[in-house]
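Please read the structure below before turning to the comments.
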There are 2 protein chains.
Amino acid sequence: MPRAGLSPDAVVRLAIEVVDAGGPTGFADLTLAKIAAKAGVAAPSLYKHVGSLADLRREVTVIAVRELTAVATSATVGRAGAEALRELATAWRTYALDHPGRYAATQIGPDPDDPADATLRDAAAESVQVVVAVLRGFGLPDDRVIDAVRAVRAGVHGFVTLELGGGFRMREDVDQSFTVLLDMLVAGVAALAPSAAPPGDTATGSRP
Amino acid sequence: MPRAGLSPDAVVRLAIEVVDAGGPTGFADLTLAKIAAKAGVAAPSLYKHVGSLADLRREVTVIAVRELTAVATSATVGRAGAEALRELATAWRTYALDHPGRYAATQIGPDPDDPADATLRDAAAESVQVVVAVLRGFGLPDDRVIDAVRAVRAGVHGFVTLELGGGFRMREDVDQSFTVLLDMLVAGVAALAPSAAPPGDTATGSRP
DNA sequence: GCCGTTTGGCTAATAGGCGTAGCTTTCTGG
DNA sequence: CCAGAAAGCTACGCCTATTAGCCAAACGGC
């Protein structure tokens with residue numbers, strides 16, 4: 001008969017705790033029953049604060065995407081060019097490794113047609129804008145920026161998803177492999193600029 | 001009272017049909033009930049042919065990984081260097097786009113400790129070996145091969161997962177972006193070789 | 001051709017998930 | 001102080017997977 005003092009935000013916070021506790025599959029394994037247990041409440045009571053499990057998952061995803069945007073942004077303030085790109089990618093990977101469940105949540109793509117996904121679409125677009133901003137520092141032609149952004153996103157996202165999924169044996173050397181990937185991306189993006197001369201280091205040299 | 005004529009293989013075949021019918025989320029949405037409905041059989045009857053849903057999913061995953069290995073292999077026979085890498089990556093992406101559900105199945109990593117995952121581990125290792133073989137043609141030092149393999153896997157896998165997940169707006173230009181990514185990977189891998197000179201072309205390659 | 005065994009289907013039932021309906025209790029605002 | 005909103009609850013319906021036990025169809029030996 002006592003009240004648990006829940007609120008929509010509190011439920012989302014508990015959901016994130018459950019996600020964090022579940023490792024890389026924490027988001028996939030998120031369940032209303034677990035949240036209710038953690039809140040000390042019967043499962044149907046959660047519907048007083050949340051529309052559905054799908055809604056709750058969407059809110060968790062939005063928060064995770066915004067967190068990722070925030071760490072990426074703060075990793076690149078005051079930096080430019082290759083250094084900014086390296087810091088961005090490193091912060092991105094660090095967030096994924098520190099919060100694997102939340103990072104898995106960010107992989108949920110918004111439905112372009114569903115109005116309920118509008119804020120998620122916005123959050124996702126904002127996170128891409130951080131990459132765009134960093135790559136603008138390379139002086140790329142406008143029509144090449146999108147290709148560079150996609151390559152960087154693909155490389156970093158692919159790397160961390162493979163890493164989180166256990167796709168890499170020999171865990172010791174993973175940091176070095178990530179550095180090599182960043183070298184490739186930095187050099188590759190720089191090579192897209194018309195007038196050679198990358199604004200920062202190149203680490204592996206550039207090609208004509 | 002008539003018999004449906006099922007077998008373990010037939011059940012797996014039906015499972016793959018269900019996966020294929022479900023688009024990118026077909027694997028996540030795979031359910032014994034759907035398979036049973038497609039077979040014209042009650043759900044518990046499937047247990048005469050399959051150990052559990054987890055077993056069945058594992059078998060689907062193994063098949064998908066082997067298919068991916070096969071298309072990657074046949075795309076690279078008789079080719080070497082940059083051309084082989086481009087064809088490998090293109091075949092990889094084509095498989096993912098043609099069979100999004102099956103490609104999603106390949107993303108589940110084997111548990112390194114679970115003996116039931118042994119054949120999946122082997123299949124996954126075989127698929128990585130295709131990339132290793134292609135990259136060997138670049139004349140990399142042994143301790144750089146692993147970094148190059150990881151970078152290629154990360155780039156291609158990241159690209160197709162983002163593409164399948166709807167992470168790219170403006171669908172028209174995706175082919176070009178993939179080509180740009182391949183340019184970066186080819187140049188980046190070539191740059192890892194001690195004696196400059198990439199063995200194949202360096203410009204943007206071909207594609208139908 | 002017949003009998004016994006294996007095999008492949010079935011129904012019934014358990015356990016756990018989401019979600020709805022409706023009741024009761026607690027808090028709050030006038 | 002009391003009415004009504006808010007936040008719990010239980011009971012239920014429907015969907016999963018999975019187990020247990022039954023029954024009929026197919027098959028092997030003779």
Side-chain angles (χ1 to χ4, degrees), chain A residues 1-23 25-62 101 104-105 108 111 114 116-117 120, chain B residues 1-23 25-62 101 104-105 108 111 114 116-117 120:
Chain A
M1 34 302 225
R3 240 170 231 227
L6 288 180
S7 70
D9 280 9
V11 173
V12 173
R13 262 195 303 275
L14 288 171
I16 289 177
E17 285 180 28
V18 171
V19 168
D20 285 343
T25 66
F27 186 71
D29 297 344
L30 179 62
T31 197
L32 288 181
K34 289 179 187 167
I35 298 168
K38 199 178 258 285
V41 133
S45 305
L46 297 176
Y47 285 88
K48 294 294 162 112
H49 308 283
V50 109
S52 67
L53 176 61
D55 283 2
L56 187 54
R57 295 171 75 88
R58 194 182 357 249
E59 289 180 62
V60 171
T61 294
V62 169
I108 300 303
D111 180 344
D114 188 348
D117 274 10
L120 175 54
Chain B
M1 34 286 229
R3 240 168 234 228
L6 288 180
S7 71
D9 279 8
V11 173
V12 173
R13 261 195 305 274
L14 289 172
I16 289 177
E17 285 180 28
V18 171
V19 168
D20 285 343
T25 66
F27 186 71
D29 298 343
L30 179 62
T31 197
L32 288 180
K34 290 178 186 166
I35 299 168
K38 198 178 258 286
V41 132
S45 304
L46 297 176
Y47 285 87
K48 293 292 160 103
H49 308 283
V50 106
S52 66
L53 176 62
D55 282 3
L56 186 55
R57 295 172 75 87
R58 197 186 350 256
E59 289 178 65
V60 171
T61 294
V62 168
I108 76 122
D111 181 345
D114 189 349
D117 274 9
L120 175 54

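Labels below follow one simple rule: chain letters A, B, ... track the order of the sequence lines, proteins then strands, and each chain is numbered from 1. All heavy atoms count here, side chains included; hydrogens, waters and symmetry mates do not.
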Nearest whole angstrom, please: distance from the [atom2] of [N] to the [atom1] of [X].
{"X": "B/Leu6", "N": "D/dA25", "atom1": "CG", "atom2": "C1'", "result": "14 Å"}
{"X": "A/Lys48", "N": "C/dC27", "atom1": "NZ", "atom2": "P", "result": "15 Å"}
{"X": "B/Asp29", "N": "D/dT16", "atom1": "CG", "atom2": "C1'", "result": "13 Å"}
{"X": "A/Leu46", "N": "D/dA6", "atom1": "CG", "atom2": "P", "result": "18 Å"}

Task: Among A/Val12, A/Val11, A/Val41, side chain to side chain contact (heavy atoms under 4.5 Å, CB included) partner for A/His49 - done: A/Val11

Task: Audit row: A/Leu14, A/Leu6, side chain to side chain contact (heavy atoms under 4.5 Å, CB included) steps and yes/no - done: CA-CA 10 Å; A/Leu14 288 171; A/Leu6 288 180; 4.1 Å; yes

Could you tell me which non-hydrogen atom of [X] sits nearest to which non-hydrogen atom of [Y], and how far apart they are?
{"X": "A/Ala15", "Y": "A/Val60", "result": "CB-CG2, 4.0 Å"}
{"X": "A/Ala39", "Y": "A/Ala4", "result": "O-CB, 4.2 Å"}
{"X": "A/Ala36", "Y": "A/Ala42", "result": "CB-C, 3.9 Å"}

Open item on the list: Under 4.0 Å, heavy atom to any atom of DNA chain C: which of residues 7-21 of chain B qualify?
Closed with: none

Task: Spatial distance of atom CG (B/Leu32) from atom CG (B/Leu46) [nearest 0.5 Å] - done: 5.5 Å

Open item on the list: Per the side-chain hydrogen bond (donor to acceptor under 3.5 Å, both in side chains) rule, what does the pair list look like for residues 28-37 of chain B, sequence neighbours excluded?
Closed with: B/Thr25-B/Asp29

Contact list (N/O, under 3.5 angstrom) for nucleotides 5-7 of chain C vs protein:
residue: C/dT7; atom: O2; partner: B/Arg3; partner atom: NH2; Å: 3.1

TODO: Quick one: list whatever passes salt bridge (Lys or Arg N to Asp or Glu O under 4.0 Å) with A/Asp20, sequence neighbours left out.
DONE: A/Arg102

- [ ] Please determine if a side-chain N or O atom of B/Ser45 lies less than 4.0 Å away from the OP1 or OP2 oxygen of C/dG8.
- [x] no

Open item on the list: Side-chain N or O of A/His49 versus OP1/OP2 of D/dA6: is the shortest distance under 4.0 Å?
Closed with: no

If you look only at distance, which donor and acceptor atoms sit under 3.5 Å apart when one is on a side chain in residues 51-58 of chain B and the other is two or more places apart or in another chain?
residue: B/Ser52; atom: OG; partner: B/Ala54; partner atom: N; Å: 3.4
residue: B/Ser52; atom: OG; partner: B/Asp55; partner atom: N; Å: 3.1
residue: B/Asp55; atom: OD1; partner: B/Arg58; partner atom: NH2; Å: 2.8
residue: B/Arg57; atom: NH1; partner: B/Phe27; partner atom: O; Å: 3.2
residue: B/Arg57; atom: NH2; partner: B/Phe27; partner atom: O; Å: 3.3
residue: B/Arg58; atom: NH1; partner: B/Asp117; partner atom: OD1; Å: 2.5

So which protein nitrogen or oxygen atoms get under 3.5 Å of nucleotides 17-19 of chain C's nitrogens or oxygens?
residue: C/dG17; atom: O3'; partner: A/Thr31; partner atom: OG1; Å: 2.8
residue: C/dC18; atom: OP1; partner: A/Thr31; partner atom: OG1; Å: 2.8
residue: C/dC18; atom: OP1; partner: A/Leu32; partner atom: N; Å: 2.7
residue: C/dC18; atom: OP2; partner: A/Ala33; partner atom: N; Å: 3.3
residue: C/dG19; atom: OP2; partner: A/Tyr47; partner atom: OH; Å: 2.7
residue: C/dG19; atom: OP2; partner: A/Leu53; partner atom: N; Å: 2.7
residue: C/dG19; atom: O5'; partner: A/Tyr47; partner atom: OH; Å: 3.0

